[in-house]
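The structure appears below as structure tokens.
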Amino acid sequence: AFANPKPGETIYVSTGAGAVGSLVCQLAKASGLRVISSTGSDDKVQYLKDVIGVDVAFNYKKQDLDEVLKEHGPLDLCFENVGGKTLETVLWNMKTFGRIIICGSISDYNTAQPYGVTNLRLFHERSLSMYGFRVFPLMRRVGDFGFYDAVPKLYKEGKWNMNHQIMKGLEHVPQLLLEIQKGTNAGKPVVVLSDE
């Protein structure tokens, strides 16, 4: 709702193979958007292309984000999960009146000194807008935008794909959190507490 997507527009989704990113990529495709997405391994690139169906998928560890966005952009929209240098690069590649949705900033979560984005003047020069949110405070304020009516139905009908990384027992939670931070997890982490 905050992105106001229009069919034919181009969106960049960072961390597109993750639980949130893969959902955003699929919703964007269903809305008629051209989707560019990055991830941190070749296996996840294949997942984005073959299962999720993004238009352009790349491994940010092997390909330069700015070069990819210059080749396949410019961007109307960005769904940002990384922040820092990634956000700075995205800003250079936004169209006038572009919209950026900030869902996370994982590049800054474990740093003593967060990255200082240096091109904020582009918000003024290109009339950009940016909206940051956290799910539960936003839901308390404006509702769920029909998420719980639409997405579980799509999942049950096989129209929404999601990898799950299932572990049994709370003792695995610290390892799962580390894998999420490093980007080595293999889908939505699920911890099973009991088989009952």
Any side-chain heavy-atom pair of [X] and [Y] under 4.5 Å:
X: I11; Y: L75; result: no
X: L122; Y: M94; result: no
X: L77; Y: I101; result: no
X: L91; Y: N93; result: no

Quick check for you: to the nearest 0.5 Å, what is the distance between [X] atom [atom1] and [Y] atom [atom2]?
X: I52; Y: C25; atom1: CD1; atom2: SG; value: 7.0 Å
X: L128; Y: T96; atom1: CG; atom2: OG1; value: 7.5 Å
X: T15; Y: Y60; atom1: OG1; atom2: OH; value: 9.0 Å
X: L69; Y: T89; atom1: CG; atom2: OG1; value: 7.5 Å
X: S14; Y: L87; atom1: OG; atom2: CG; value: 9.0 Å
X: K61; Y: T39; atom1: NZ; atom2: OG1; value: 8.5 Å

query: Tell me the salt bridge (charged side-chain N to carboxylate O under 4.0 Å, His left out) pairs involving residues 3-14, sequence neighbours left out?
result: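 Qualifying pairs: E9-R99.
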Is a side-chain N or O of [X] found less than 3.5 angstrom from the main chain of [Y], in a donor-acceptor match?
X: T86; Y: V82; result: no
X: S41; Y: K44; result: yes
X: E71; Y: E67; result: no
X: N81; Y: C103; result: no
X: R126; Y: W92; result: yes

- request: Under the side chain to side chain donor-acceptor pair (under 3.5 Å) rule, collect the residues that match up with K49, sequence neighbours excluded.
  value: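 Scan of K49 (side chain to side chain donor-acceptor pair (under 3.5 Å), adjacent residues dropped) gives none.
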D64: partners by salt bridge (Lys or Arg N to Asp or Glu O under 4.0 Å), with sequence neighbours left out: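 For D64 there are no salt bridge (Lys or Arg N to Asp or Glu O under 4.0 Å) partners, ignoring immediate neighbours.
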- request: Apply side-chain contact (heavy atoms from CB on, under 4.5 Å) to the pair I100 and F79, showing each step before the final yes or no.
  value: CA-CA 6 Å; I100 302 161; F79 193 89; over 6 Å; no
- prompt: Have S38 and Y12 got a donor and an acceptor in their side chains that come within less than 3.5 Å?
  reply: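 On atom types as modelled, these side chains qualify, holding a pair under 3.5 Å.
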field: Distance-only donor-acceptor check, side chains Y115 and E88, under 3.5 Å
entry: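 Their side chains do contain a donor-acceptor pair, which is all the 3.5 Å distance test asks for.
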field: For L48, the option from V56, I36, V54, D43 that meets side-chain contact (heavy atoms from CB on, under 4.5 Å)
entry: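 Exactly one option meets the side-chain contact (heavy atoms from CB on, under 4.5 Å) with L48, and it is V54.
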message: Test side-chain contact (heavy atoms from CB on, under 4.5 Å) on H72 and V68; report intermediate values, then the result.
response: CA-CA 6 Å; H72 298 285; V68 171; 3.9 Å; yes
To check you understand the geometry: which heavy-atom pair defines the closest contact between [X] and [Y], and what is its length?
X: V35; Y: A28; value: CG2-CB, 3.7 Å
X: A112; Y: P114; value: O-CD, 3.8 Å
X: G84; Y: S105; value: N-OG, 4.3 Å

task: May I ask you to decide whether D76 forms a salt bridge with K95, counting only side-chain N to carboxylate O separations under 4.0 Å?
output: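 Yes, charged N to carboxylate O under 4.0 Å.
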- prompt: Do the charged groups of K153 and D149 touch, with an N to O distance under 4.0 Å?
  reply: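 No.
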- prompt: For D195 and K168, what are the C-alpha separation, side-chain angles and deciding distance, and is it a side-chain contact (heavy atoms from CB on, under 4.5 Å)?
  reply: CA-CA 9 Å; D195 290 327; K168 292 188 176 189; 3.3 Å; yes
